[in-house]
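Notes follow once the structure below has been shown.
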Amino acid sequence: MGSGDAKMSGGERRPRELPVFAAEELLVRECARHGTVIVVGETGSGKSTQIPQFLMERRTFGGRVAVTQPRRVAAVSLAKRVAWERRTKVGGLVGYNVRFDDCTGKKTRLRYLTDGMLLREAMLDSTLKRYSVVLLDEAHERSLSTDLLFGVVKRAQQERRATNMPLRVVVMSATLDVQLFMRYFSSSDKTGDAFDEPVAVHIRGRQFPVELRYATESQQDYLDAAIVTVLQVHLSERENKGDVLVFLTGQEEIESCAELLEEKAQLLPPNALKLQVCPLFAALPAHKQLAVFAPAPPGSRKVVLATNIAETSITISGVRFVVDTGMVKAKSYAASTGLELLRVGPISQEQAWQRAGRAGREGPGKCFRLYREQDFLKLRQRSVPEIKRVELSQVVLQLLTMGVRQVDKFPFIEAPPTDALRQAVFQLVALGAVSVPSRHASAAKKSDGGDAPQGPELTELGRRMAALPLEPMHAKFLIESERFGCTEEALTIAAMLSVESPLFTPRNARREANSAHRRYLSFEADHLTLLNVFGAFLEAKADAKWCQANFLKFSTLHKARKVRQQLVGMLSTVLETSALGSAKADSTPILQCLVSSFSLRIAQRLPPDGKPGVRYKTFAESLETRIHPSSGLARRDPPPEWVVYNELVMTSKKYLKGVAAIDQKWLVQFAPALFQAQAQAQARGGKTGGEALAAGPKRKPKENDAAQAARVDVRLTPFHPPLNEF
DNA sequence: GAGCACTGC
């Protein structure tokens, strides 16, 4: 027994009245018999704190217990809570492990971690052999990492099946996904062994009743309807002083709604409760988010206008009324165009229940749905899981690292679109992270009696890229920086690109913000702007007040600094040398390094054709885009001919963000896999520029191409993605 | 000359 257990003599502080204790014996028995147990525990059941302890206490399960959470704060606070209950220190018997913060020790047997962290562990040890039990908590949220972990634990279970340390899996979920999970873990070959069949256990929760009200007719304008509803609730519920939580879709909407509500609040009768309006969204600086947690002053009622951050990430006490617009802003990805979209759409039924539940945390509540019941019934039952909505190159890189070569055969609980997988493999091949053995070669191997699996293979570069907690292109940029002698700068740029923009431009102080930002602005590359901002931040000793005065987001810069530190610590395993090169005042190596790593994100200016604005055509997707007005290059005159960009986003238009001007010569020099000098092509009796351009992937000749080709002496080499090879 | 939901390594 460790010293942690000895301290238990002081008496533990576990809340024995929680419903989960009634199920302790049943749970432990089922975990002993079955390899997989699905626990359906409603909110307030105590499942996340108690079930891991039940399992850790039973020596029959041996070894260590891992509990995953989709969010850092949850992992940390659960570990602290459990340690407190057991009167031990965090980092002893009970610990947590999240990015930048490992609070575990040799004695730790119960480890709370983020799902992303366990996935990192799986990349080093795909059977997770240090654990005897893995609990996937909040599984219904279907985060990208949890979804991948489903496949990881299923494979690990199969591999460890016959050993003396089988892997036990507990899936904890709050809703109706039991059938999906049960089917998924059911063994395909019926062994007759109970261990191979999953079992479900239900645990009651502690949730107060929530009365539902639906709109009687469908609303033209949900914003207007939300404001009217808030005022109605406020005036009709005089005796109930509970706060109101309104679900909206985004910052703009929340800010304008807040203004309108405040205006209306002025017109309330003098004897009525006052209204205190609190906006809440992730981009709101931390000190402004605090207002949400303070209780409303006497004689007033709080109205929180929130994004879906209030669905799961932030719990606000005092809420008794929920107003649900039925709308949400969410990301989607179309592999065919390579375009990620952020758009407003209807929520799912499950999300509607989640929102309603927020009214019944502390007492009976009411939920006002601003849509009709028949419209609710038409909503999709479940939200589309993240894995089906995002670009997958990082996921594929992770799968390959875990030894999954046929990524389309991976046991996904729900498979992503095949196109998205192909697109991801294509991108990794183009980056040089992955090589695809030709069919001929793999067939020859087979006939030799070799049993090498088919599918793409990680290259040395790919292995290094996978080790970094960055998206593949940023990882390549950092690795390549060694050869360009600009690693110091690349570290900062990679860290800054992996956090949100640090420039803070509030609506009511746009001019001041813009003029404050001007001193950092580069007209050559937004990457250099980021370097300038980060440099100034360090010079100001990373001071929060300084950030505020200069319209910069402290939390973002602080995080970028942590990321940079983490990357520095990882460099020795990823680079050849330990001495970090610096480009000093010369931007050229940085820009050349960008060309060499972002060769799939290059765009060329289109000739003016009367339409307003300067437009660019992306080379990889052949899309017509513009430089985003927030870029330093948007106002440059003349606009650059060639640019490399970090991101292609679709908002009101298609925009390039994170843009840098580059020299055309560099394309041939540093991205030869995609660009070849026409001179070379012609020397081999190649095509003219125009024909060559038209020969690119997914490219049809257009009128513009001829005009464009006349000015271009770079040719896109036909580049065939290994579409059927993985 | 425009607005980006939310997580995570």
Side-chain angles (χ1 to χ4, degrees), chain A residues 68-75 97-102 113-124 138 141-149 247-256 280-284 306-314 327-332 340-345 347 351 383 385-387 389-390 394-395 397-398 401 465-472 474-475 495 498-501 503-507 510 513-514 553 556 559 562-563 566-567 570 612-614 626-636 647 649-657:
Chain A
T68 68
Q69 295 293 325
R71 283 169 293 280
R72 295 164 53 92
V73 271
N97 191 3
V98 298
R99 189 181 188 180
F100 312 131
D101 196 1
D102 180 0
L113 27 61
T114 46
D115 47 14
M117 206 57 164
L118 189 62
L119 197 60
R120 276 278 148 199
E121 283 189 24
M123 289 167 69
L124 302 171
E138 311 287 5
E141 286 190 26
R142 305 291 304 281
S143 78
L144 189 58
S145 298
T146 300
D147 259 21
L148 294 170
L149 284 172
F247 283 99
L248 296 165
T249 66
Q251 178 174 348
E252 283 280 318
E253 198 173 277
I254 287 172
E255 281 172 347
S256 69
L280 179 65
F281 44 87
L284 197 68
T307 60
N308 40 353
I309 194 172
E311 262 173 35
T312 50
S313 304
I314 290 180
M327 302 302 275
V328 67
K329 193 179 281 183
K331 190 184 251 185
S332 62
E340 284 191 322
L341 292 178
L342 208 49
R343 63 176 169 208
V344 173
I347 58 172
Q351 247 176 318
S383 305
E386 193 181 1
I387 199 163
R389 297 186 283 113
V390 296
Q394 203 171 356
V395 164
L397 198 58
Q398 284 168 335
T401 306
M465 283 165 59
L468 294 166
L470 295 172
E471 67 161 278
H474 297 164
S498 68
V499 300
E500 327 79 272
S501 167
L503 308 182
F504 177 52
T505 316
R507 241 165 45 134
R510 192 186 298 178
N514 283 342
K553 286 185 214 157
T556 302
K559 187 173 177 204
K562 299 283 269 187
V563 174
Q566 187 191 25
L567 293 175
M570 296 176 127
V614 182
R626 294 156 200 271
I627 295 179
H628 194 276
S630 67
S631 165
L633 281 79
R635 275 169 294 174
R636 206 170 97 152
E647 204 181 3
V649 294
M650 170 83 184
T651 49
S652 59
K653 298 187 184 76
K654 293 180 206 110
Y655 284 111
L656 305 178
K657 298 185 85 172

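Below, chains carry the letters A, B, ... as their sequence lines are ordered, and counting in each starts from 1. This structure is a prediction, so every number in the text was calculated from the model and none was measured.
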Nearest 0.5 Å, please: how far is CG in A:N308 from CG in A:L248?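 Those atoms lie 10.5 Å apart.
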5' priority, DNA chain B, between A:R635 and A:P469 [closest heavy atom]: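 The residue whose closest nucleotide sits nearer the 5' end is A:R635.
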Take A:Q251 and A:Q566, find for each the nucleotide of DNA chain B with the closest heavy atom, and name the residue whose nucleotide sits nearer the 5' end.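 Of the two residues, A:Q251 wins.
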Just so I know, are the side chains of [X] and [Y] near enough to count as touching, which here means a heavy-atom distance under 4.5 Å?
X: A:L567; Y: A:L470; answer: yes
X: A:V395; Y: A:L148; answer: yes
X: A:R120; Y: A:Q398; answer: yes

Looking at [options], which one has an atom nearest to any side-chain atom of [X]?
X: A:Y655; options: B:dG8, B:dT7, B:dA2; result: B:dA2
X: A:E647; options: B:dA2, B:dC6, B:dC4; result: B:dC4
X: A:R71; options: B:dG8, B:dC6, B:dA2; result: B:dG8
X: A:R72; options: B:dC9, B:dT7, B:dC4; result: B:dC9
X: A:R389; options: B:dC4, B:dA5, B:dG8; result: B:dA5
X: A:K329; options: B:dC4, B:dC9, B:dT7; result: B:dC4

Check every strand shown and say whether [X] touches a base, only sugar-phosphate, or nothing at a heavy-atom separation below 4.0 Å.
X: A:K559; value: nothing
X: A:V98; value: sugar-phosphate
X: A:I309; value: sugar-phosphate
X: A:A634; value: nothing

Would one find a side-chain N or O of [X] under 4.0 angstrom from OP1 or OP2 of [N]?
X: A:T307; N: B:dC6; value: yes
X: A:S630; N: B:dG1; value: no
X: A:R510; N: B:dA2; value: no
X: A:K653; N: B:dA2; value: yes

Nearest non-hydrogen partners of A:K553 and A:S501, listed with the distance: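 Taking every non-hydrogen atom into account, NZ-O, 3.5 Å.
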Length of the line joining A:F281:CZ and B:dA5:C1', which is rounded to integer Å: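 Atom CZ in A:F281 sits about 12 Å away from atom C1' in B:dA5.
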